[in-house]
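Here is the naming used below: chain letters follow the sequence lines, and residue numbers restart at 1 for every chain.
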Number of protein chains: 2
Amino acid sequence: MSARHLSSDVDVCETNCIHADIVARVARNLPRGHWLDPLADFFKLFGDGTRIRILWALSESEMCVCDLCALLSMQQSAVSHQLKNLKQSRVVKARREGKVVYYSLDDDHIRRLLDLGMAHLQEP
Amino acid sequence: MSARHLSSDVDVCETNCIHADIVARVARNLPRGHWLDPLADFFKLFGDGTRIRILWALSESEMCVCDLCALLSMQQSAVSHQLKNLKQSRVVKARREGKVVYYSLDDDHIRRLLDLGMAHLQEP
DNA sequence: AAAACATATGATTATTTGTTCATATATTAA
DNA sequence: TTAATATATGAACAAATAATCATATGTTTT
């Protein structure tokens with residue numbers, strides 16, 4: 001998504017770094033940068049009210065686009081745009097049957113992610 | 001976050017709904033609306049390159065703010081702002097020791113979420 | 001064939017959001 | 001107390017994004 005500089009000459013990290021050893025060790029173990037932006041983009045898909053409603057609904061049942069519109073009281077265009085995002089990242093998959101396109105969760109990770117998130121929210 | 005209308009009189013769901021039964025059933029089982037927006041807001045925290053780097057780093061080791069600045073080559077202000085977001089949602093916790101504030105993951109769900117996300121990305 | 005229907009998509013717009021800059025707070029050192 | 005250091009935070013700005021509108025595509029029906 002956003003460009004990210006690995007090092008630069010501008011005024012960054014202006015304070016004295018306290019634990020050079022820790023920083024070095026963590027830096028060594030960071031997955032090479034390019035993995036982290038896709039990971040953020042993946043989680044970003046869950047970070048919107050419309051999309052999370054879509055995902056929650058699909059975790060209950062396969063649904064077609066206009067079912068989702070009715071459920072969410074939203075316009076078809078908005079729903080389709082979001083479904084496109086979700087599909088591009090293989091979070092949902094589509095199946096066409098005549099004029100109707102049915103969407104469902106692509107794999108079981110998705111359901112577990114939703115559950116884990118809920119578990120966090122429901123903690124003391 | 002964003003306001004959300006439950007029903008309205010504007011032009012929404014303009015197509016004929018195909019499966020009223022499914023829509024009704026899913027609607028019944030949707031967690032009451034107010035749970036879903038907080039859930040989206042929670043996932044949103046993972047949906048940014050800076051924050052996910054912070055979280056990944058903290059999953060390796062507790063770190064202070066300026067350690068994180070050094071690791072990410074970012075300004076202290078930007079890092080602190082993001083830490084504030086993460087802390088407000090109890091994703092990270094802070095511990096002060098003199099002038100230095102150490103951050104770490106708040107609970108173990110966070111680590112599992114990161115792993116699940118990665119697992120999804122690494123699929124065929 | 002044309003009309004009707006379900007879905008997809010490009011462009012525009014309003015809102016959200018991440019970073020920066022300036023400055024404030026908190027703690028220790030002198 | 002004052003100076004120095006580490007972190008926090010408000011305001012402003014630029015970039016990202018979700019909804020809308022208009023329209024296109026693909027499928028079935030007539």
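Closest approach to the A/Asp48 side chain among D/dA18, D/dT7, C/dT7 is made by D/dA18 (side chain taken as heavy atoms from C-beta onward). Nearest to the side chain of A/Cys66, among D/dA19, D/dT7, C/dT7, sits C/dT7.
The side chain to side chain contact (heavy atoms under 4.5 Å, CB included) test applied to A/Glu123 returns A/His120, B/Arg90, B/Asp107, B/His109, not counting sequence neighbours. Residues passing the side-chain hydrogen bond (donor to acceptor under 3.5 Å, both in side chains) test with A/Asn85, sequence neighbours excluded: A/Gln82. For A/Asp108, the salt bridge (charged side-chain N to carboxylate O under 4.0 Å, His left out) test picks out A/Arg111, with sequence neighbours left out.
Taking atom CZ on B/Arg53 and atom C1' on C/dT19, their separation rounds to 15 Å, with Å as the unit. In this structure, the NE2 atom of A/His19 is 17 Å from the P atom of D/dT5, given to the nearest Å. Taking atom NZ of A/Lys87 as the reference point, atom C1' of C/dT9 lies 13 Å away to the nearest angstrom. One can place CG of A/Leu45 at 17 Å from P of D/dA16, the figure rounded to the nearest angstrom. The distance between atom CZ of B/Arg95 and atom P of C/dT27, rounded to the nearest whole Å, is 15 Å. Taking atom CZ on B/Arg51 and atom P on D/dA16, their separation rounds to 15 Å, with Å as the unit. Rounded to whole Å, atom P of C/dT9 lies 14 Å from atom CG of A/Leu86. Rounded to an integer number of Å, the gap from A/Leu83 CG to C/dT9 C1' is 13 Å.
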Set out, line by line, the N/O atom pairs under 3.5 Å between protein and nucleotides 9-13 of chain D.
| unit_1 | atom_1 | unit_2 | atom_2 | d |
| --- | --- | --- | --- | --- |
| D/dT9 | O4 | B/Ser77 | OG | 2.7 |
| D/dG10 | O6 | B/His81 | NE2 | 2.9 |

N/O donor to acceptor pairs below 3.5 angstrom from side-chain atoms of residues 54-61 of chain B, sequence neighbours left out:
| unit_1 | atom_1 | unit_2 | atom_2 | d |
| --- | --- | --- | --- | --- |
| B/Ser59 | OG | B/Trp56 | O | 2.7 |
| B/Glu60 | OE1 | A/Asn29 | ND2 | 3.1 |

Check residues 97-105 of chain A and write down every donor-acceptor pair under 3.5 Å in which the side-chain atom is one partner and the other belongs to a residue at least two apart or another chain.
| unit_1 | atom_1 | unit_2 | atom_2 | d |
| --- | --- | --- | --- | --- |
| A/Glu97 | OE1 | A/Arg95 | NH1 | 2.6 |
| A/Tyr102 | OH | B/His19 | NE2 | 3.2 |

- Could you encode protein contacts along nucleotides 25-30 of chain D as a string, one character per nucleotide from 5' to 3', using B for base contact, S for sugar-phosphate-only contact and - for no contact, with a heavy-atom cut-off of under 4.0 Å? -BBS--
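A/Arg53 and B/Asp37 are joined by a salt bridge, as a carboxylate oxygen and a charged side-chain nitrogen come within less than 4.0 angstrom of each other.
Neither OP1 nor OP2 of C/dA6 sits under 4.0 Å from any side-chain N or O of A/Tyr103. In terms of phosphate contacts, B/Gln75 brings no side-chain nitrogen or oxygen within less than 4.0 Å of OP1 or OP2 of C/dT19.
By the 4.5 Å heavy-atom criterion applied to side chains, A/Val65 and A/Ser80 are counted as neighbours.
Residue pairs satisfying the salt bridge (Lys or Arg N to Asp or Glu O under 4.0 Å) criterion with at least one member in residues 74-85 of chain A, sequence neighbours excluded, are absent. For residues 58-83 of chain B, there are no ring-ring contact (aromatic ring centres under 6.0 Å, His included) pairs, not counting sequence neighbours.
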